[in-house]
Amino acid sequence: AIQYFETVSGSKEFLPDALSRLALEYERNLKFDASARVLEQVLKLSPERRAETLLSLLRTDQRRGKFVEGLARLKGVDLQAPENQNLRALVRATATDQHAQFRKKSSVASLKIAEAYYVRVLSALGTAPSTGEKAELQMYLAEVRAARGDKSGALALYREVAAGQDPKYQ
């Protein structure tokens, strides 16, 4: 299908739009692997649409249950950049959704995914003081680590939040 679109598109400006629509059609038909392949091609052809395409790819990876693969795609992506705001929101939402999934069903796999996604969002927040969103995410991550049996990791996070300046956790 990709080769067909490349031959009939006529111009390089039209091709990424056509392929994006093709990926959407594959998603509607629950062909997530095909959708991911097409979106990867869009990413190569149109780097200026990187944030939008990565967002679609991450959603597609999650729909096909490939959470770790989706997170790996974000390597080197600055989640603090304004153009990546929606991407960061999806990463955070995935972390909290998987955490909630663990609470409901005691799924260890969900706990591992939640931890990886929390770590990724926190790494984007950098070395800022533990206040606001960062403190909240650190508390969630500490809970996840405690549930996984990493008591020392959880304790270190709890201490960092307590040492921070967020009045909510004082």
Side-chain angles (χ1 to χ4, degrees), residues 1-2 16 19-20 22-47 49-128 130 133-158 160-161:
I2 294 172
L19 289 177
S20 293
L22 176 62
L24 243 140
E25 193 57 39
Y26 278 140
E27 274 191 49
R28 283 189 200 113
N29 291 312
L30 304 178
K31 296 179 180 179
F32 299 118
D33 291 336
S35 178
R37 282 192 303 276
V38 172
L39 288 168
E40 287 167 352
Q41 188 66 28
V42 171
L43 200 55
K44 291 175 188 171
L45 291 171
S46 188
R49 301 170 113 188
R50 184 172 171 78
E52 173 189 336
T53 307
L54 278 173
L55 183 65
S56 296
L57 260 170
L58 184 58
R59 284 185 179 137
T60 301
D61 286 337
Q62 291 176 356
R63 286 184 184 124
R64 58 189 186 145
K66 299 194 176 197
F67 290 92
V68 176
E69 185 178 313
L71 196 58
R73 292 182 194 280
L74 302 180
K75 188 173 185 168
V77 174
D78 179 12
L79 294 179
Q80 286 294 90
E83 66 272 10
N84 294 327
Q85 185 177 18
N86 291 337
L87 202 51
R88 182 172 151 225
L90 180 59
V91 172
R92 181 191 166 124
T94 302
T96 55
D97 289 347
Q98 291 297 312
H99 193 173
Q101 192 73 14
F102 166 74
R103 288 180 185 143
K104 289 178 188 172
K105 298 184 179 179
S106 299
S107 167
V108 176
S110 293
L111 198 60
K112 289 177 182 178
I113 293 167
E115 181 177 21
Y117 277 73
Y118 281 136
V119 167
R120 181 61 178 98
V121 174
L122 283 168
S123 71
L125 294 175
T127 59
S130 294
E133 180 184 21
K134 184 174 181 180
E136 180 181 11
L137 289 171
Q138 286 175 313
M139 291 297 283
Y140 288 149
L141 180 57
E143 182 182 329
V144 166
R145 288 198 171 152
R148 291 198 64 211
D150 182 9
K151 305 295 183 198
S152 62
L155 186 59
L157 283 166
Y158 285 133
E160 188 176 337
V161 171

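Remember, predicted model here, so these are calculated numbers, not experimental data.
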Handout entry: Sub-4.5 Å side-chain heavy-atom contact between E27 and T60
Key = yes
Practice task
Nearest 0.5 Å please: distance from the CD atom of Q85 over to the CG atom of L79.
Solution key: 11.5 Å
Exercise for the section: Check whether any side-chain heavy atom of Q41 lies under 4.5 Å from a side-chain heavy atom of R37, and answer yes or no. Expected result: no
Practice task
Heavy atoms only: give me the nearest D61-A36 pair and the separation to one decimal.
Solution key: OD1-CB, 4.5 Å
Fill in the blank from the handout: What one should report as the nearest heavy-atom pair of A23 and S35 is O-OG, 3.1 Å
Problem - F32 and K66, any side-chain heavy atoms less than 4.5 Å apart - result: no
Exercise for the section: Could you tell me whether the side chain of F67 reaches within less than 4.5 Å of the side chain of K112, counting heavy atoms only? Expected result: no
Exercise for the section: Please name all residues satisfying side-chain contact (heavy atoms from CB on, under 4.5 Å) with N86, sequence neighbours left out, ordered by chain then number. Expected result: L55
Completion exercise
Sorted by chain and number, sequence neighbours left out, side-chain contact (heavy atoms from CB on, under 4.5 Å) with A51 holds for E83, N84
Problem - Salt bridge R92-E133, side-chain N to carboxylate O under 4.0 Å - result: yes
Fill in the blank from the handout: With sequence neighbours left out, the residues meeting ring-ring contact (aromatic ring centres under 6.0 Å, His included) with Y117 are none
Fill in the blank from the handout: To the nearest 0.5 Å, atom CG of L122 lies from atom CD of E136 at 10.5 Å
Problem - For V77 against R50, the heavy-atom pair lying closest together - result: CG2-NH2, 3.6 Å
Practice task
Quick one: closest heavy-atom pair of T94 and Q62, and the distance?
Solution key: OG1-NE2, 2.8 Å
Handout entry: Basic-acidic side-chain contact under 4.0 Å: R148, E143
Key = no
Problem - Whether D78 side chain and Q80 backbone form a donor-acceptor pair below 3.5 Å - result: yes
Problem - Shortest non-hydrogen separation from A135 to V161 and the atoms involved - result: O-CG2, 3.8 Å
Problem - For R49, side-chain contact (heavy atoms from CB on, under 4.5 Å) partners two or more places apart - result: P16, D17, S20, V42, S46, E52, T53
Fill in the blank from the handout: The reported gap from CG in L87 to CZ in R120 (rounded to nearest 0.5 angstrom) is 8.0 Å
Problem - side-chain contact (heavy atoms from CB on, under 4.5 Å) partners of V119, counting only residues at least two apart - result: E115, L141, R145
Handout entry: CZ (F102) with more than 12 external heavy atoms under 6.0 Å
Key = yes
Handout entry: K151 side chain vs A146 backbone, donor-acceptor pair below 3.5 Å
Key = yes
Handout entry: S107: side-chain hydrogen bond (donor to acceptor under 3.5 Å, both in side chains) partners, not counting sequence neighbours
Key = S110
Problem - Charged N-O contact under 4.0 Å between E25 and K31 - result: no
Problem - CD-CG distance between E160 and L155, expressed to the nearest 0.5 angstrom - result: 12.0 Å
Problem - R73 and L58, any side-chain heavy atoms less than 4.5 Å apart - result: no
Exercise for the section: Determine, step by step, whether Q98 and L111 satisfy the side-chain contact (heavy atoms from CB on, under 4.5 Å) criterion, reporting the C-alpha distance in whole Å, the side-chain angles of both residues, the deciding distance to 0.1 Å, and the verdict. Expected result: CA-CA 7 Å; Q98 291 297 312; L111 198 60; over 6 Å; no
Completion exercise
Of all heavy-atom pairs linking A154 and A142, the shortest is CB-O, 3.3 Å
